[in-house]
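Working notes, structure below.
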Amino acid sequence: MRILIQLLTAFQAGMKEVYQLETSSEEVLINPTKKEFTGDFTIVLFSFTKKTGEGPETMGEKLGNYLVINFTDVIGYNVIKGFLNLEMSHTFWTKSLSTIKNTSNYGFLKSTGEKYLIEYASPNTNKPLHLGHIRNILLGWSVSRILEANGHQVIRTQVVNDRGIAICKSMLAWLKFGKGETPATLGKKGDHFVGDFYVLFENKFQEEYKVWQESELAKMLLAEKNIQENNIPEFFKDFKNTYFNDYSELGKEAREMLQKWEKGDAETISLWNKMNDWVYEGFGATYDKLKVSFDKNYYESQTYLLGKETVELGLKKGVFEKEADGSVWIDLTDAGMDRKIVLRSDGTSVYITQDIGTAMIRYKDFGVSRMIYTVADEQDYHFKVLFEMLKRLGEPYAGGLYHLNYGMVDLTTGKMKSREGTVVDADDLIQEVISEASAGSAERGELAELTVSQQQDIFDKIGFAALKFFILKVQPRKRMTFNPQESLDMQGQTGPYIQNAFVRIQSIFRKSDGKLSETEGGPNKIEQPEKELLRLLISFPDVVAEAGRQYDPSTIANYCYALAKDFHRFYHEVRILGAETAEEKNFRLQLCACTGDVLERAMDLLGIDMPDRM
RNA sequence: GGUCUCGUAGCUCAGUUGGAUAGAGCAACUGCCUUCUAAGCAGUAGGUCACAGGUUCGAAUCCUGUCGGGAUCACCA
C-alpha cells in the first residue's frame with residue numbers, strides 16, 4: 001500500500017508520453033524535497049538524460065508540466081539543475097492521511113508464507129548474562145519482530161551451552177566450598193549464584209597455582225626450560241593451561257567430573273541438573289524483564305553428538321576426507337578458505353560438527369527455508385565455513401542461511417574482559433536504567449496520583465526504552481562504544497524522547513472529547529509541520545521493508561526518532577485541540593492518532609513498550 | 001603475514017540502490033512554560049567525511065592503494 005505509487009505511475013506515464021520511454025519503478029527516485037527548496041517531493045532526472053538526449057532542465061520543464069496537467073495530485077513544480085521539485089495538492093495530503101488511518105496495521109505486510117528460524121541467544125550456563133548478551137538478544141529479538149512485520153513466520157530459538165569443563169568448575173566449587181547453600185538460602189539470583197562459584201573455582205585454582213609455582217617441581221621445570229628470572233611471570237601466565245591439564249589437583253578433579261558426566265554418572269548428572277536449573281531460573285528472570293521469549297530451546301548436551309552421522313554421509317559423498325590417524329577433514333581451499341577438521345582422531349566431534357547437526361535437527365523440527373544466526377562478528381569465519389559445508393552436503397536449506405553478525409561492545413574505558421572484571425552485568429545495568437527512570441520521573445511529578453505498581457510499570461518502560469534504544473540505534477555491523485552515563489540519558493536522541501511524543505498524543509486524547517468527527521471536510525490549509533509529519537508517515541512501509549531486507553533494527557530506530565522529532569515540532573508550532581476550525585482540529589487529531597499508532601508499532605519492532613504517561 | 005571489517009563535529013551516532021550547500025544528539029553558550037506533559041521547542045558554535053588516486057554530469061557512498069583500530073586464521077567452544 002505505497003501511497004506514492006500513483007505519483008510514480010503518473011511519472012512513468014509522462015516519460016512514455018513525452019519521450020516514448022519505459023521506465024522501471026527502481027529507476028525512478030522519489031525523495032522528499034530538501035528544506036531549502038520549495039516543493040514536497042523531488043524526482044531526480046539526471047539518470048534519464050542519456051536516454052532522452054535532453055538536458056535535465058528541459059526534461060524537468062516538460063515532465064513537470066505534464067504532471068501538473070495530467071495528474072491532479074501535483075499542482076506545481078520547479079526545476080533546479082536535474083531536480084524536479086513537485087508541489088502536492090491539498091487533497092493529496094488529506095487523502096494520504098485517510099489512507100493511512102484506514103489501513104489496518106499500516107506499514108506491515110500480509111503473510112508471505114515464508115518461514116524463518118532465528119537463533120538469538122547462546123549463553124553459557126556458568127556465568128550470568130552481560131552487556132554483550134544484551135546486544136545480541138535485543139538485536140535478534142528486534143529482527144524477529146521486523147521479519148514478522150514483513151509477513152514472515154518466525155520461530156525463535158536459543159542454544160544453551162550447558163555442558164563442558166566450565167560448568168564442571170562451578171559444580172566442583174559448589175561441592176567443595178558451597179556448604180549446601182542454594183540461591184534461595186542466600187537470596188541470590190540463580191545464574192549469579194552459579195557464576196560466583198565459577199569465579200570461586202578460578203580463585204582457588206589461582207591460589208593453588210601460586211603455591212605450586214614455588215614448588216621444587218616448578219623450579220626444576222624452569223631450569224629445564226631455561227627460563228630467565230625476568231621471564232618467569234610471563235612463562236607462568238602462558239603455562240596456565242598446561243598446568244591446569246597436567247599438574248593441577250583442582251584441574252584433575254574438574255576433568256574427572258567432566259568424564260563422569262560424559263559417562264552419565266547419576267550423581268554428577270543430578271548435580272549438573274540442579275545447577276543448570278538454578279541458572280535457567282536466573283536467565284528466565286532476565287529474559288522476562290527484557291520481554292523476550294523463545295519458541296524452542298536447543299541444549300548443547302543434547303546436540304553435541306549430532307554431527308557424526310552427517311560426517312559418515314559426507315564421507316560417502318566425498319565431501320569429507322579421512323586421514324590416516326582417523327581424523328576427518330574438509331578441504332575448502334578452492335573456496336578461499338582452509339582445510340577444516342570435523343572429527344578428531346579419537347572420533348569425537350568438534351564445535352562445527354555439532355553445528356551441522358543442530359542445523360539439520362532444526363530443519364527436521366520446523367522445515368524452515370531460512371535460518372538466521374545472531375552471533376558476534378568474531379565468528380564470521382566460523383559461519384562462512386559452516387554455510388559452505390552445508391552447501392556441499394547438499395542440505396535443502398543451505399541457500400537460506402544467514403549470519404546476523406554484530407560488532408562487539410566496547411566500554412569507554414576499553415574492552416570488556418571477564419578476566420579483568422570489566423564486564424557490565426546485564427541485571428545490574430537493567431536495575432540502573434530503571435532506577436534512573438524512576439528518579440527522573442519523581443522529579444517531574446506527573447505520576448503522583450498513580451498506584452505504586454502502575455508507576456513501577458512506567459519506570460520499567462522508560463528505563464528499558466533508554467537502554468534498548470541506545471543499543472539498537474547503532475547499525476549491527478558496527479562496533480559500539482557503550483557509555484554507561486549516556487545509556488542512562490533520557491533526553492535528546494533516546495527512547496524516552498520518542499515515548500514522550502507518544503505520551504503527548506495520549507494526553508491530547510485524554511483531554512479531547514474523545515471522538516473524531518466523521519466529517520469529510522478537510523482543513524482550509526495544511527501547515528508545513530503537518531506535511532512533514534505526513535511525509536514521514538507515508539514512508540513507513542518502505543522503512544519496514546528496508547529494515548527487513550537488511551536485518552537492521554537501526555533503520556527502524558532512526559525512523560522512530562525522526563518521526564518523534566517531527567511530531568514534537570508539529571506539537572509546538574500548531575494548536576491541536578485549540579485549532580481554529582472543527583475540520584482543522586479533526587485533521588490534526590487524526591494526524592496525532594496515526595503518528596501515535598505508527599510510533600507504537602514501530603517501537604514494538606524494537607521490543608520497546610510505550611507508556612500512556614510519564 | 002593471509003582474509004574479513006570499521007574509520008564522518010571534542011564525544012556517541014545518522015546519512016536509503018551514487019544526487020542539491022554532509023545531518024542529529026550529548027557536552028558549551030542564548031532564548032521560550034498564567035496556553036494540549038519543558039523527558040519539549042527555537043537559535044549560536046563546532047567538518048580536509050583517515051589519506052592518495054580512479055570511475056562520471058555528480059562520490060561520505062563504487063574501485064585500487066596507503067595509514068590506523070578491531071576480528072579471525074586450533075584435533076577450544
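Residue numbers start from 1 in every chain, and the chains themselves are labelled A, B, ... in the order their sequence lines are given, proteins ahead of strands. Scope of the values below: all heavy atoms of this structure, side chains included, with no hydrogens, waters or symmetry mates.
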Strand RNA chain B in bracket notation, Watson-Crick/G-U under 3.5 Å with | for pairs to another chain:
(((((((..((((.....[...)))).(((((.......))))).....(((((..]....))))))))))))....
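Not a single donor-acceptor contact under 3.5 angstrom links the side-chain atoms of A:Ser507 to the base of B:C36. Side-chain to base pairing of A:Ser554 with B:A14: no donor and acceptor N or O lie closer than 3.5 Å to each other. With hydrogens and angles ignored, no donor-acceptor pair closer than 3.5 Å exists between the side chain of A:Asp355 and the base of B:A77. You won't find any donor-acceptor pair under 3.5 Å spanning the side chain of A:Asp346 and the base of B:C75, going by distance alone.
Evaluation of A:Phe37 against the base of B:A20 yields a stacking contact (centre distance < 5.5 Å, interplanar angle < 30°). Taking the 5.5 Å centre cut-off and the 30° plane limit, the aromatic side chain of A:Tyr497 is not classed as stacked on B:G40. Ring stacking is absent between A:Tyr561 and B:A24, as the pair misses the limits of under 5.5 Å between centres and under 30 degrees between planes.
A:Glu321 and A:Arg339 are joined by a salt bridge, as a carboxylate oxygen and a charged side-chain nitrogen come within less than 4.0 angstrom of each other.
Counting all heavy atoms, side chain and backbone alike, A:Lys308 lies closest to A:Ser349 at CE-N, 4.2 Å. Counting all heavy atoms, side chain and backbone alike, A:Tyr551 lies closest to A:Pro476 at O-CG, 4.2 Å.
With contacts defined as side-chain heavy-atom distances shorter than 4.5 Å, the pair A:Phe502/A:Phe567 does not qualify.
Atom-to-atom, NZ of A:Lys565 to C1' of B:C41 comes out at 9 Å; the value is rounded to the nearest Å.
More than 90° away from 0 lies the glycosidic angle of B:C62, which makes this nucleotide anti.
A donor atom on one side chain and an acceptor atom on the other are not found under 3.5 Å apart for A:Ser170 and A:Asn126.
The C1' atoms of B:A74 and B:G18 are separated by 43 Å, rounded to the nearest whole Å.
Among the heavy atoms of the strands lying under 4.0 Å from A:Thr481 are primed sugar atoms or P, OP1, OP2 only; no base atom is included.
Phosphate proximity of B:U5 to A:Arg479: absent, as no side-chain N or O sits under 4.0 Å from OP1 or OP2.
A:Asn150 places a side-chain N or O within donor-acceptor distance of the main-chain N or O of A:Ile146, the cut-off being under 3.5 Å.
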